[in-house]
> 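Let me give you the structure first, and then I'll get to my questions.
Nothing fancy with the numbering, it's 1 onward along the sequence.
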Amino acid sequence: MAMPSLLLAWYDAGHRRLPWRESTRLYPVWLSEIMLQQTRVEAVIPYFHRFLDRFPDIDTLAAAVESDVLAAWSGLGYYSRARLLHRAVRQVASTGPPASLTELRALPGVGEYTAAAIGSIVLGLPVAAVDGNVLRVVSRLTNSDADISLPATRKRFQATAQEWLDPLRPGDFNQAMMELGATLCTPRNPECGRCPITPLCGAHAAGTQHELPVKISRVQVRQVALDVLILLRQSKVYLLPRAAAEKRLAGFWELPQKDAVAATETEAVGNFTHQIVNDRYRVTVWKGRPPAGRLSGGRWFSTAELGQIPVTTLTRKALNT
């Protein structure tokens with residue numbers, strides 16, 4: 001039996017029941033693909049449900065103000081995704097839904113992979129969608145030690161996945177490839193004994209499955225120490241706004257840094273790490289008494305209000321420490 005048939009038979013027999021797989025309508029599939037960019041499935045599921053409850057269709061999201069969209073996205077991170085989705089949805093609400101891969105690629109925030117995923121699942125377009133999971137599967141199946149961070153390797157693996165694609169079921173095939181990478185052909189400890197295509201796997205035959213794929217990091221991570229301060233007054237917390245000139249987090253609220261406020265009786269209450277692109281923050285969370293007099297530049301928010309405003313992910317983590 002050919003590889004696509006083996007893979008699809010395995011997928012049909014029992015794959016994860018994820019909420020965005022319940023429909024092939026444009027909006028939920030599109031929303032899920034944007035949310036899943038650089039974010040784990042488990043983290044996305046509750047946000048997906050809440051976002052759809054608040055903005056159930058394209059027209060509702062298109063009519064929303066950006067601050068409400070960011071508030072619904074708050075905590076999921078990579079907020080440019082929400083802004084670009086909002087812009088793209090407004091474009092679709094005005095011009096109509098995309099009907100081709102070219103029209104999908106023209107939408108803000110939709111790259112090659114996202115266009116291929118949406119196009120294959122929603123429109124039935126015969127195009128392979130290659131993400132990190134699929135790159136890993138292709139690397140192992142072909143027993144290739146090529147560096148998957150290189151554009152030339154990604155282009156070659158894209159062509160290989162395209163050759164394997166079942167043109168009659170492109171959406172299911174792409175989801176099956178991603179499912180395989182996410183559940184069995186995992187980065188560490190791949191479960192080759194349960195994999196439906198182990199007999200066809202070059203890496204398994206050569207015993208190199210634990211060494212692949214090869215990815216040579218060329219970016220150095222910068223370590224940053226950060227002290228943030230929680231000030232409470234009458235069950236309200238004090239937050240500062242991000243500067244309007246800041247492109248990535250403009251309009252968001254965050255805790256002040258400890259040395260920015262002359263608080264008294266401060267004590268460290270927790271710590272955690274938080275990575276934003278190539279910066280890894282080592283965050284220490286402090287609590288203290290507000291200084292006498294009025295604080296300028298920020299606002300006091302109740303717990304209920306925190307759910308209605310865009311708050312940075314780092315701040316949400318700190319408040320939950």
Side-chain angles (χ1 to χ4, degrees), residues 2-26 28-45 47-48 76 78 81 101 104 109-142 144 148-149 153-192 194-198 200-201 203-204 209 212-213 215:
M3 181 277 217
S5 299
L6 288 171
L7 184 65
L8 286 168
W10 167 78
Y11 183 75
D12 291 341
H15 53 265
R16 290 175 299 173
R17 302 297 174 184
L18 301 175
W20 42 86
R21 289 178 175 166
E22 296 173 2
S23 169
T24 57
R25 292 185 299 110
L26 172 63
V29 173
W30 182 8
L31 175 63
S32 72
E33 289 297 338
I34 299 300
M35 284 188 164
L36 287 165
Q37 292 171 1
Q38 298 179 289
T39 308
R40 294 178 299 106
V41 166
E42 295 77 12
V44 166
I45 290 175
Y47 280 92
F48 179 80
L76 196 57
Y78 298 99
R81 295 179 299 175
L101 202 63
L104 281 165
V110 176
E112 285 188 24
Y113 161 76
T114 304
I118 297 171
S120 63
I121 296 168
V122 177
L123 303 177
L125 301 177
V127 57
V130 178
D131 67 350
N133 283 320
V134 176
L135 286 171
R136 185 166 58 256
V137 171
V138 174
S139 174
R140 286 175 174 162
L141 276 174
T142 60
S144 172
I148 62 171
S149 66
T153 302
R154 298 172 76 92
K155 183 177 181 180
R156 179 158 57 84
F157 283 11
Q158 173 79 44
T160 299
Q162 187 66 41
E163 290 175 9
W164 293 340
L165 180 79
D166 186 331
L168 299 180
R169 298 180 60 188
D172 287 341
F173 178 85
N174 282 332
Q175 291 186 90
M177 286 283 280
M178 289 181 268
E179 183 83 354
L180 185 69
T183 61
L184 298 183
C185 196
T186 52
R188 298 179 183 83
N189 303 317
E191 298 188 55
C192 300
R194 297 175 54 206
C195 178
I197 52 178
T198 291
L200 307 177
C201 181
H204 179 74
Q209 65 268 31
L212 299 174
K215 184 176 183 180

> State, with a plain yes or no, whether a side-chain heavy atom of Pro19 is found less than 4.5 Å away from one of Ile45.
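Pro19 reaches Ile45 side chain to side chain.
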> Counting distance only, does the side-chain N/O of Ser139 pair as donor-acceptor with the main-chain N or O of Ser144 below 3.5 Å?
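Yes: the side chain of Ser139 pairs with the backbone of Ser144.
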> Does some side-chain heavy atom of Tyr113 sit less than 4.5 Å from a side-chain heavy atom of Glu33?
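Of all side-chain heavy-atom pairs linking Tyr113 with Glu33, at least one is under 4.5 Å.
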> For the pair Asn174 (side chain) and Val127 (backbone), establish whether a donor and an acceptor sit closer than 3.5 Å, ignoring hydrogens and angles.
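Yes, the answer is positive, given that a donor and an acceptor are paired below the 3.5 Å cut-off.
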> With a 6.0 Å cut-off (strictly less than), is the heavy-atom count around CZ of Arg194, excluding the residue itself, greater than 12?
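It does not: Arg194 CZ has 12 such atoms or fewer within range.
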> Could you pull out the closest heavy-atom pair between Ala161 and Val138, with the gap in Å?
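Looking at all heavy atoms of both residues, the shortest contact is CB-CG2, 4.5 Å.
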> Take atom CZ of Arg21 as the centre, draw a 6.0 Å sphere, and report whether it contains more than 12 heavy atoms from other residues, nucleotides or ligands.
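Count over threshold, so yes.
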> At what distance, to the nearest 0.5 angstrom, does CG of Leu76 lie from CD1 of Ile34?
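Output value for this atom pair is 11.5 Å.
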> Can you name the nearest heavy-atom pair linking Val134 to Ala129, along with the distance?
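Reported closest heavy-atom pair: CG2-O, 3.6 Å.
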> Under 4.5 Å between any side-chain heavy atoms of Trp10 and Leu180, yes or no?
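Yes, at least one pair of side-chain atoms sits under 4.5 Å.
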> Considering non-hydrogen atoms only, spot the tightest contact between Cys185 and Arg136 and give its length.
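Heavy atoms of Cys185 and Arg136 come nearest at O-NE, 2.6 Å.
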> Let me confirm one number: the CG-CG distance from Leu123 to Leu26, rounded to the nearest 0.5 Å.
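Result: 7.5 Å between the selected atoms.
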> Please report the interatomic distance CE(Met3) to CG(Leu165), rounded to the nearest 0.5 Å.
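One gets 9.5 Å once the value is rounded to the nearest 0.5 Å.
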> Give a yes or no answer on whether the side chain of Arg140 reaches the backbone of Leu212 with a donor-acceptor pair at less than 3.5 Å.
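A pair under 3.5 Å: yes.
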> Check whether any side-chain heavy atom of Val41 lies under 4.5 Å from a side-chain heavy atom of Val44, and answer yes or no.
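Val41 vs Val44: side chains apart.
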> Rounded to the nearest 0.5 Å, what separation is found between the CD atom of Gln209 and the CG atom of Asn189?
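So the gap between those two atoms works out to 10.5 Å.
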> Indicate yes or no: at least one non-hydrogen side-chain atom of Arg154 is less than 4.5 angstrom from one of Val130.
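Of all side-chain heavy-atom pairs linking Val130 with Arg154, none is under 4.5 Å.
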> Between Ser32 (side chain only) and Trp30 (backbone N and O only), is there a donor and an acceptor less than 3.5 Å apart?
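Flag not set: sc Ser32 to bb Trp30 has no pair under 3.5 Å.
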> Is Leu18 close to Gln175 at the side-chain level, that is, under 4.5 Å between some pair of heavy atoms?
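Answer no - side chains too far apart.
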> Can any side-chain N or O of Ser149 pair as donor or acceptor with the backbone N or O of Lys215 at less than 3.5 Å?
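Checked: no pair found.
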> I'd like to know if the side chain of Arg16 and the backbone of Thr183 have a donor-acceptor N/O pair within less than 3.5 Å.
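The answer is no, because no donor-acceptor pair under 3.5 Å joins these two groups.
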> Heavy atoms only: give me the nearest Gly124-Pro170 pair and the separation to one decimal.
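Distance-wise, the nearest heavy atoms are O-CG, 3.6 Å.
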> Return each pair, listed once, that meets ring-ring contact (aromatic ring centres under 6.0 Å, His included) where at least one residue sits in residues 155-176; pairs must be two or more places apart or across chains.
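For residues 155-176: none.
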> Looking only at heavy atoms, which two atoms of Asp166 and Pro4 are closest? And how far apart?
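So the two residues come closest at CB-CB, 4.4 Å.
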> Decide side chain to side chain contact (heavy atoms under 4.5 Å, CB included) for Thr186 and Glu191; before the verdict, give the C-alpha distance in whole Å, the side-chain angles of both, and the deciding distance to 0.1 Å.
CA-CA 8 Å; Thr186 52; Glu191 298 188 55; 5.7 Å; no
> What heavy-atom pair brings Leu141 and Cys201 nearest, and what distance separates the two atoms?
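Residues Leu141 and Cys201, closest heavy atoms: CD2-CA, 3.7 Å.
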> Rounded to the nearest 0.5 Å, what's the gap from CD on Gln158 to OG1 on Thr153? Could you check?
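The CD atom of Gln158 sits 13.0 Å away from the OG1 atom of Thr153.
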> Measuring from Leu104:CG to Glu112:CD, what's the distance to the nearest 0.5 Å?
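That separation rounds to 12.5 Å.
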> Taking Ala128's backbone N and O only, do any of them form a donor-acceptor pair with Gln162's side chain (distance below 3.5 Å, no angle check)?
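Here the side-chain-to-backbone pair exists.
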> Could you tell me whether the side chain of Leu184 reaches within less than 4.5 Å of the side chain of Pro196, counting heavy atoms only?
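When only atoms from C-beta onward are counted, Leu184 and Pro196 do touch, with a gap below 4.5 Å.
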> Can you list everything that forms a ring-ring contact (aromatic ring centres under 6.0 Å, His included) with Tyr47? Sequence neighbours excluded, please.
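In terms of ring-ring contact (aromatic ring centres under 6.0 Å, His included), with neighbours along the sequence ignored, Tyr47 is linked to no residue.
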> May I have the step-by-step check of side chain to side chain contact (heavy atoms under 4.5 Å, CB included) for Tyr78 and Gln37, ending in yes or no?
CA-CA 9 Å; Tyr78 298 99; Gln37 292 171 1; over 6 Å; no
> Taking side chain as C-beta onward, heavy atoms only, is Leu36 less than 4.5 Å from Phe48?
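In short, these two side chains do not touch, never coming nearer than 4.5 Å.
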> Does any N or O in the side chain of Arg81 come within less than 3.5 Å of the main-chain N or O of Gly109, such that one atom is a donor and the other an acceptor?
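No, because the side chain of Arg81 does not come within donor-acceptor range (under 3.5 Å) of the backbone of Gly109.
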